Amino acid sequence: MTTYTSTWLCPSNIALVKYWGKKPEQLPMNPSLSFSLKLARTRTTVSLQAAKSMKLEFLFEGKESPFATRIEKYLDKLSIERPWINDYAFQIASENTFPHSTGIASSASAFGALALCLEDLSRQITGVENDDDKFFQAASRLARMGSGSASRSVYGGFAWWGKSNALPGSTDCYAVPVSKQIHKSYFSLCDAVLLVDSKKKKVSSSAGHELMNNHPYQAARLKQVNSTIEQLMRFMKEDGNRMAFIDLVEQEALSLHALMMSSTPSFLLLKPGSVAIIELIREFRQQTGLPVGFTIDAGPNIHLLYWREDQEAVHAFIKGELLYHTENGEWLDDQVGDGPLKA
Ligand code: PMV
């Protein structure tokens, strides 16, 4: 019996410039920029056994999971370009190194890990070897087809997804690594995830992206986001712009929420606790002069961004003032990570 197996650990990522709105085939309306996290990761093993047609058994943390339906659809779609998928029974086992409730995007690490396994298995089955750059490019493309933000998770450090004249070589098809263009001080950025509310999202990502299709501010959003990503990359080339970097990252996150509030239907995802934390962070920055800010995904949880050298002061601030506004005092302290690992 022919069997193949592959195991990968893939990080989640936090976007500094958000992907919001898509064109058909899961292509982004705008370029986005993120860094991979170090601790928040998904570990996935895919084992294949020859079969008459594709079958799937999916276990998440040892149990059956509704995510199986999404994976089955994903494999079906991929089988058009990777016909070998139809010749195997898939056993997929996956687990996260972080609790579900932290508000960290698990679809990015989940599809990142799965795509890396599939690209690896493709190589084993077809015998076609790629160099590393091509391998990660192909894995990023496969990850994108599962979840757009996952395309950025297959790289360590910083990644950019989406075609832009500001970055030669950028494309909508897969993310590209941009760490080499970023000053080393940005690699000590930390992300303290403050869990304000762990309830299921009010709006799924795919419904959220759809809200951009006829959004009255679509043209203004595209203009603003293209200028933001260019400016951020310029700031990050050297280490003299931390405050300007923070201001722009916050503005971008609040733009995402402003778009959701002004969509039809309208969504207000921030909670009183989110707003309290935002205000306290801004006060702390003013009082201390430290470059500390926030970003927010499509939910109420706040990602506090700070530099590692300021950790002591920031941890004291979190414990003394912010945890009161979180759900059960929960938070997760993460930082820029090195990217995926083959187990
Ligand atoms: O990859 P998706 O479809 O779950 O979209 C992610 C959207 C944001 O997390 C809000 C922004 C981003 O770029 O990660």
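The model shown is predicted, which means the values in this text are computed figures rather than measured ones. All ligand and atom numbering here is 1-based and tracks the order in the structure.
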What atoms of ligand 1 come within less than 4.0 Å of a heavy atom belonging to [X]?
X	answer
His209	2 (P), 3 (O), 5 (O)
Ala15	12 (C), 13 (O), 14 (O)
Gly148	1 (O)
Ser205	2 (P), 3 (O), 4 (O), 5 (O)
Ser147	1 (O), 2 (P), 4 (O)
Asp297	9 (O)

State plainly whether the residues Arg123 and Glu119 are in salt-bridge range, i.e. N to O under 4.0 Å.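 No, this pair does not count.
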Would Ile246 and Val292 count as a side-chain contact (heavy atoms from CB on, under 4.5 Å) if you check the C-alpha gap in whole Å, the side-chain angles of each, and the deciding distance to 0.1 Å? CA-CA 7 Å; Ile246 287 288; Val292 174; 5.9 Å; no
Would the distance check show the side chain of Trp331 and the main-chain N or O of Thr326 forming a donor-acceptor pair, the cut-off being under 3.5 Å?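 Answer holds: no.
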Looking only at atom types and distance, does a side-chain atom of Ser109 sit under 3.5 Å from a main-chain N or O of Arg41, one as donor and one as acceptor?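 Judged by distance alone, no pair lies under 3.5 Å.
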Is atom OH of Tyr4 surrounded by more than 12 heavy atoms (other residues, nucleotides or ligands) closer than 6.0 Å?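 Yes - once you tally the heavy atoms of other residues, nucleotides and ligands closer than 6.0 Å, there are more than 12.
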Please confirm whether Tyr19 comes within less than 3.5 Å of ligand 1 when only nitrogen or oxygen atoms on both sides are compared.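 Min N/O separation from ligand 1 is below 3.5 Å for Tyr19.
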Should Lys22 be listed as contacting ligand 1, given a heavy-atom distance under 4.0 Å as the test?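 No; Lys22 lies far enough from ligand 1 that no heavy-atom distance drops under 4.0 Å.
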Any idea which part of Ser149 is under 4.0 Å from ligand 1, heavy-atom wise: side chain, backbone, both or neither?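 Both backbone and side chain.
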Apply ring pair (Phe, Tyr, Trp, His ring centres under 6.0 Å) to His209 and list each qualifying residue two or more places apart in sequence or on a separate chain.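 Applying ring pair (Phe, Tyr, Trp, His ring centres under 6.0 Å) to His209 gives Tyr19, Trp20.
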Please state which option from Arg152, Arg144, Gln26 has its nearest heavy atom closest to atom 14 (O) of ligand 1.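 The residue whose heavy atom sits nearest atom 14 (O) of ligand 1 is Arg152.
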Test item: Ser147 and Arg70 side chains (from C-beta on) under 4.5 Å apart, heavy atoms: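 In short, these two side chains touch, coming nearer than 4.5 Å.
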